[in-house]
Q: 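Can you read through this structure? Questions will come right after.
The structure presented is a predicted model; accordingly, all values stated were derived computationally and were not measured. Here is the naming used below: chain letters follow the sequence lines, and residue numbers restart at 1 for every chain.
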Amino acid sequence: MVAPEQEPAAAAPVLIAARGLTKRFGDLVAVAGIDFEVRRGEAFGFLGPNGAGKSSTMRMIGCVAPATSGELRILGLDPQRYGPRIRARLGVVPQQDTLDLELTVRENLYIYGRYFGLPREGLRAKVDELLRFAQLSDRANAKVEPLSGGMKRRLTIARSLVNDPEILLLDEPTTGLDPQARHVLWDRLYRLKQSGVTLVLTTHYMDEAEQLCDRLVVMDGGRIVAEGAPAALIAEHSTREVAELRFEPGGSAGAVERLAGVLSGAGERVEVLPDRVLLYVEDGEGAVVSALDAGLRPLSTLVRRSTLEDVFLRLTGRSLVD
Amino acid sequence: MSVDVAAGGLLRVVPSAVYAGRSRVLVERATHAYRHTWLALVSGFFEPLFYLVALGAGLRGLVGTVTGPGGTPLSYPAFLAPALLASSAMNGAVFDSTVNVFFRLKYNKLYEAILATSLGPLDVALGEITWALLRGGLYSAGFLVVMAGLGLTASPWAVAILPAALVIALGFAAVGMAVTTFVRGFQDLDIVQFALLPMFLFSGSFYGLDVYPRWLQFVVECLPLQHGIALLRALNVGAISPGLLGHLAYFAVMAVGGLALTTVRLERLLLR
Amino acid sequence: MTVAAASRTSAWRVVEYHAVNARRYLTSVIVLSVLTPLVYLLALGVGLGTLVNRHGTGTLGAPYLAFVAPGLLAAAAMQTAATHAANLVMGGFKWIRVFYGMSATPLTSRQICDGTLGFIALRLVGDAALYLAIMSSFGAARRWEIVFAVPAAVGAAMAFAAPVAAIVASMQSERNLFNVLFRFVVTPMFLFSGTFYPVSRLPEWGRWLAAASPLWHGTELARAAALGGASSASVLGHVGYLLAWLAVGVPLARWRFRVRAYR
């Protein structure tokens, strides 16, 4: 439901509502008429390959790109008319850090707060708090440029919190970070969610989506191709288990015919890659035994639970998009 | 923050998506940023001084007495000084509004970050120009003090050189920012920088326009810097005439046109 | 052996890299190399020259255009050299880091340094030759010996460029450095090295400043080539001074390149 165009009551559950949201750049359709709703306190994810339209959608929500057509309400307001008013209540973590290289770590937080018109006095305490949150207190007076990628990302996230936003927009928050840095960031984001901030994020890390998102949509070619909670999406679009059989490169030829009898349940299927055969089945161990019985001789086998990655590849295909 | 005050009325005519009325925050940012590169700030003051000392002292004997505005006979340094001040106002304003702004627009992504907050593109444009003017105003004031100290000011009207230099800087800064929004890379900026050189050399900095044939005088009279030099030179000797208003009008047109174009372009570049 | 052959010639590979890189901007480089001298010669040689010639040129020994042109040639070479030394070295080590890519090949840091300085020198020879051609078209070339103004200008410019390369290679951040370098060193040198008037017109401190500056020695040599009348002792003195700068500056640059490349 699209909220009426006015300041929403504090308890209004829907913070972002889009209907038929479309973004065109000339002939290119980046976002092709999508519908979604984000509720207060939720962690909502946009998944999709590069070029799926995630960042364009995020920029429209951030009120820095007008929609070509369709309806969008953020905090009950029309971004076309109330851009600055909405942005005053948003936190934005862009895909690429836009830190101010001419300023120190502390000054980055302080001046960003000033952009929002926050008064100087309260801001100093807020900056100290954010430095602690980002674990950057000891680098407060350092220049930004020599910081590690993880530190810059934490600083960008801390900066986005300077105005106590109601909604935090995160465009690929952990891309390019090492595992330690990612886990530190997830921990920080989880804390924010606990404190009641609504998170909207894009990612192409499935583990990140499973860790952070209550609900997500999968986008492909500017459209939403699936929507739901991570577990529900796996249940709907994949099987319980996946058996992976590894062969010499090219050794998987002819596997489909031999495996015809192995599949039994609804939704079970075989995917043949040059050096691997994937069996999407309810009972992985059983499927491996059946495959060996059918005369397949893989180099190694692995049985695992289905993940969001299987759903993602199923819905958006395996071919390289870039 | 003269620009902020002047723009106060803008709040009523410009939609809030473009202007939040808080461009002074950009000035606050600049004062922080330049704490780390204060030498860059200080060095700008010395450049016109070096020119004045070197060319004034060295060429004085070679050139002799020159005829200034209104037929006033002037020593060569007194003839040169207002022109150097006008050129330095131009150079400073253009450098700030092209090279520095381009860096923040394309590399630092500063304006992208700012427009994700509740500020608008006109805040950015006004803020950067205000900063350029504050900085240029400090340099001009310093240069004027040196001129007076060396006895190169020729009338009480010389104090008006300071506000006039700010008007010149405002015109160049506004046009410079507008040009920057069209710049694709640093190669284009080299062209902008190079365009200033013939303007500096041909606009009568070193000699009166009377050395030119008639048609060339007419061409040079169209150049903005020539108006700046003529304005400051006239103020220095106190040759006040209604013609000076024409020079001011030239820079007013540059300022308003440049600012309007900058705002439209920043919106198109950053909010699409 | 091919490896030995490669390492014998490979400072030229670095020159080649810079040349290929510069080719992308060839049009604007050529346009600027023609327009800059044109603009300076017109404005100062002809425009300011009108005032000077009107007042009398007895102390200069030539009309102002013929006097100022060789000075402008040397000054332009010095400015181009300083700009290139600063940008190519900071670019190679910091902005595009191509010198680190080179030092992962058989190229040595010394070859990277020599190749970079060599490229600048070649570029200066081309610019100076063009300058000379434009000067002649203004009638500012009065005798054939003026061709020696080219080595004089390039030598003085490189004498300055080598230590600039050494300093830039030693610095991590360019913002303050480039400001100090250009505002407090290059511009004063341009103004106080006798380009526009004989330094005898400066007070004593100015004459000392000029005497220290490699550009003044280059200007004197270029002017001697253009106008004649210089004693061989003074020519030798200027040449010796510039060679001394090169003898210190080039090893200094090689050393700083080595420290930066393999740190």
Q: Tell me, please, which residues at least two apart from B/R104 pass salt bridge (Lys or Arg N to Asp or Glu O under 4.0 Å).
A: A/E102, B/E128
Q: Output the residues of residues 45-54 of chain C for which the shortest heavy-atom distance to chain B is under 4.5 Å, in residue-number order; output 'none' if no such residue exists.
A: C/G47, C/L48, C/T50, C/L51, C/V52, C/R54
Q: Counting only heavy atoms closer than 4.5 Å, note whether C/L38 contacts chain B via side chain, backbone, both or neither.
A: neither
Q: So how far is it from B/S43 OG to C/L181 CG, rounded to the nearest 0.5 Å?
A: 11.0 Å
Q: How close do C/A43 and B/Y207 get, counting heavy atoms only, and between which atoms?
A: O-CE2, 3.1 Å
Q: Pull out the residues in residues 79-101 of chain C that come under 4.5 Å of chain B, heavy atom to heavy atom, sorted by number.
A: none
Q: Between C/Y197 and B/A54, is there a donor-acceptor pair closer than 3.5 Å when you use the side chain of the first and the backbone of the second?
A: yes
Q: Sort C/L42 into side chain, backbone, both or neither according to what part of it lies under 4.5 angstrom from a heavy atom of chain B.
A: both
Q: At a 4.5 Å cut-off on heavy atoms, which part of B/Y212 comes close to chain C: side chain, backbone, both, or neither?
A: neither
Q: Evaluate the side chain to side chain contact (heavy atoms under 4.5 Å, CB included) criterion for residues C/F196 and B/F206: first the C-alpha distance (whole Å), next the side-chain angles of each, then the deciding distance (0.1 Å), finally the verdict.
A: CA-CA 12 Å; C/F196 307 100; B/F206 297 102; over 6 Å; no
Q: At a 4.5 Å cut-off on heavy atoms, which part of B/F50 comes close to chain C: side chain, backbone, both, or neither?
A: both
Q: Among B/L55, B/V42, B/I191, which residue forms the greatest number of heavy-atom pairs with chain C at distances under 4.5 Å?
A: B/L55
Q: A side-chain contact here means heavy atoms from C-beta on lying under 4.5 Å apart; do C/V31 and B/F194 qualify?
A: no
Q: Which ring-ring contact (aromatic ring centres under 6.0 Å, His included) pairs, counting each pair once, include a residue from residues 25-55 of chain C, with sequence neighbours left out?
A: none
Q: Hey, are the side chains of B/F46 and C/T187 touching, using non-hydrogen atoms and a 4.5 Å cut-off?
A: no
Q: The test is side chain to side chain contact (heavy atoms under 4.5 Å, CB included); show your working for C/N179 and B/L39 and say whether it passes.
A: CA-CA 7 Å; C/N179 265 296; B/L39 257 176; 5.5 Å; no
Q: In Å, rounded to the nearest 0.5 Å, how long is the span from OG1 of C/T36 to CG of B/L201?
A: 10.0 Å
